[in-house]
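Following: one structure in structure tokens, then a few remarks.
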Amino acid sequence: MSDVKRGFEPFFHCDSKLLILGSFPSVKSRQVEFYYGNKQNRFWRTVCSFFGDEVPETTDGKKEFLSKRKIALCDVVTECEIVGSQDATIKNFKVANVEKLLQNTKISFIIINGGTAFNIFEKNFSGIGVPYKKLPSTSPANTKFSKEEWFDTLSGIFGRA
């Protein structure tokens, strides 16, 4: 039986221009208390390599990278019942206040990291007024990950890094 788990506060600055929206933190992310904490997840390797940067070793280094690149991170689910890290088991969830995040930033595009996040986002925020795109999940469980699709989308937002 699962009990209620809580996610993280959004990470953003007022000048953030891109929001990357995931589903809910994995067990390993909850242990390190920051987004994409599972070293097998492709998120940090993909986004950092797009900019030609090494993956920071520390959470503070990751926050500095995100701030420098004007990237905000948030999960669409803030609280839920979940078994392990399996998105398919998310139930009885609360949804993030994405509108408030957009009001406090310069976000002009949203990348949605994976199908679960996309489905929940579409049900709750489809008329949000900011362009968004679903990309293949960076999760190690996703066998259909496409680094090229991530790079193409990031290039459209930031130009060639």
Side-chain angles (χ1 to χ4, degrees), residues 7-78 85-87 90 96-122 124-126 128-161:
F8 312 131
E9 291 294 317
F11 179 84
F12 68 96
H13 287 280
C14 59
D15 64 346
S16 297
K17 71 184 223 175
L18 169 66
L19 170 61
I20 300 177
L21 193 62
S23 55
F24 190 75
S26 69
V27 169
K28 289 184 180 180
S29 294
R30 294 191 305 266
Q31 288 170 349
V32 301
E33 300 179 338
F34 197 62
Y35 296 93
Y36 305 102
N38 181 343
K39 292 187 187 240
Q40 300 307 309
N41 191 299
R42 302 171 189 100
F43 177 81
W44 290 109
R45 290 189 310 272
T46 300
V47 176
C48 290
S49 68
F50 171 78
F51 289 103
D53 294 341
E54 294 293 319
V55 176
E57 293 292 321
T58 65
T59 297
D60 284 344
K62 290 172 181 172
K63 290 177 178 179
E64 186 178 312
F65 166 82
L66 294 168
S67 298
K68 177 182 175 186
R69 300 302 183 180
K70 301 184 184 327
I71 298 172
L73 295 182
C74 185
D75 286 318
V76 71
V77 172
T78 60
S85 301
Q86 301 171 31
D87 279 0
I90 292 173
N97 189 343
V98 177
E99 293 101 338
K100 182 177 179 184
L101 179 59
L102 295 176
Q103 290 170 1
N104 293 311
T105 63
K106 295 179 181 177
I107 291 169
S108 59
F109 198 86
I110 301 170
I111 289 176
I112 303 170
N113 190 353
T116 299
F118 182 77
N119 291 338
I120 294 169
F121 180 87
E122 280 268 292
N124 292 278
F125 303 107
S126 62
I128 201 153
V130 173
Y132 60 91
K133 181 177 183 177
K134 173 187 152 194
L135 290 181
S137 172
T138 57
S139 166
N142 180 21
T143 58
K144 296 182 179 176
F145 174 73
S146 170
K147 184 177 183 178
E148 293 75 24
E149 192 170 349
W150 272 82
F151 274 32
D152 287 348
T153 301
L154 291 169
S155 292
I157 300 162
F158 295 103
R160 285 284 165 199

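For clarity, every value in this text was computed on a predicted model and none was experimentally measured.
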- request: Please list, chain by chain and in numerical order, all residues satisfying side chain to side chain contact (heavy atoms under 4.5 Å, CB included) with Ala117, sequence neighbours excluded.
  value: Ser23, Val76, Ile112

- request: Not counting sequence neighbours, list each pair that qualifies as a side-chain hydrogen bond (donor to acceptor under 3.5 Å, both in side chains) and has a residue in residues 30-40.
  value: Tyr36-Asn113

task: Could you pull out all residues at least two apart from Ser26 that satisfy side chain to side chain donor-acceptor pair (under 3.5 Å)?
output: Ser29

message: Please enumerate all residues that pass side chain to side chain donor-acceptor pair (under 3.5 Å) together with Ser67, with sequence neighbours excluded.
response: His13

message: Show every side-chain hydrogen bond (donor to acceptor under 3.5 Å, both in side chains) that has at least one partner inside residues 46-60, sequence neighbours left out.
response: Asp53-Arg69

task: Just jot down the ring-ring contact (aromatic ring centres under 6.0 Å, His included) partners of Phe121, sequence neighbours excluded, or say none.
output: Phe125, Tyr132

query: How long is the gap from CD on Glu9 to CG on Leu73, to the nearest 0.5 Å?
result: 13.5 Å

statement: Hits for ring-ring contact (aromatic ring centres under 6.0 Å, His included) against Phe118, two or more places apart or cross-chain, chain-then-number order -> none

Set of residues satisfying side chain to side chain contact (heavy atoms under 4.5 Å, CB included) with respect to Lys70, sequence neighbours excluded: Asp15, Lys17

task: Start with the C-alpha distance between Thr105 and Leu19, add both sets of side-chain angles, then the distance that settles side chain to side chain contact (heavy atoms under 4.5 Å, CB included), and finish with yes or no.
output: CA-CA 10 Å; Thr105 63; Leu19 170 61; over 6 Å; no

task: Kindly write out the residues that satisfy side chain to side chain contact (heavy atoms under 4.5 Å, CB included) with Thr153, not counting sequence neighbours, or none if the list is empty.
output: Phe109, Ile111, Lys133, Leu135, Ile157

- prompt: Taking atom OG1 of Thr78 and atom CZ of Phe8, what is their separation to the nearest 0.5 Å?
  reply: 12.5 Å

field: Check: Pro56 and Glu64 side chains under 4.5 Å, non-hydrogen atoms
entry: no

message: With a 6.0 Å cut-off (strictly less than), is the heavy-atom count around CD of Glu122, excluding the residue itself, greater than 12?
response: yes

- prompt: Partners of Lys144 by side chain to side chain contact (heavy atoms under 4.5 Å, CB included), sequence neighbours excluded?
  reply: Asn142

- prompt: Rounded to the nearest 0.5 Å, how far does CZ of Phe51 lie from CZ of Phe151?
  reply: 9.5 Å

query: In Å and rounded to the nearest 0.5 Å, what is the CG to NZ distance from Leu154 to Lys147?
result: 11.5 Å

message: The test is side chain to side chain contact (heavy atoms under 4.5 Å, CB included); show your working for Leu66 and Val47 and say whether it passes.
response: CA-CA 10 Å; Leu66 294 168; Val47 176; 5.7 Å; no

statement: Nearest heavy-atom contact between Phe145 and Ser137 is CD1-O, 3.3 Å

- prompt: In Å and rounded to the nearest 0.5 Å, what is the CG to CD1 distance from Leu18 to Ile71?
  reply: 5.5 Å

message: Test your reading of the model: is there a side-chain donor-acceptor pair from Ser85 to the backbone of Val27, 3.5 Å cut-off?
response: yes

query: Are Ser16 and Phe11 side-chain neighbours, meaning at least one heavy-atom pair lies under 4.5 Å?
result: no

statement: In this structure, OG of Ser155 is separated from CD of Glu148 (nearest 0.5 Å) by 11.5 Å

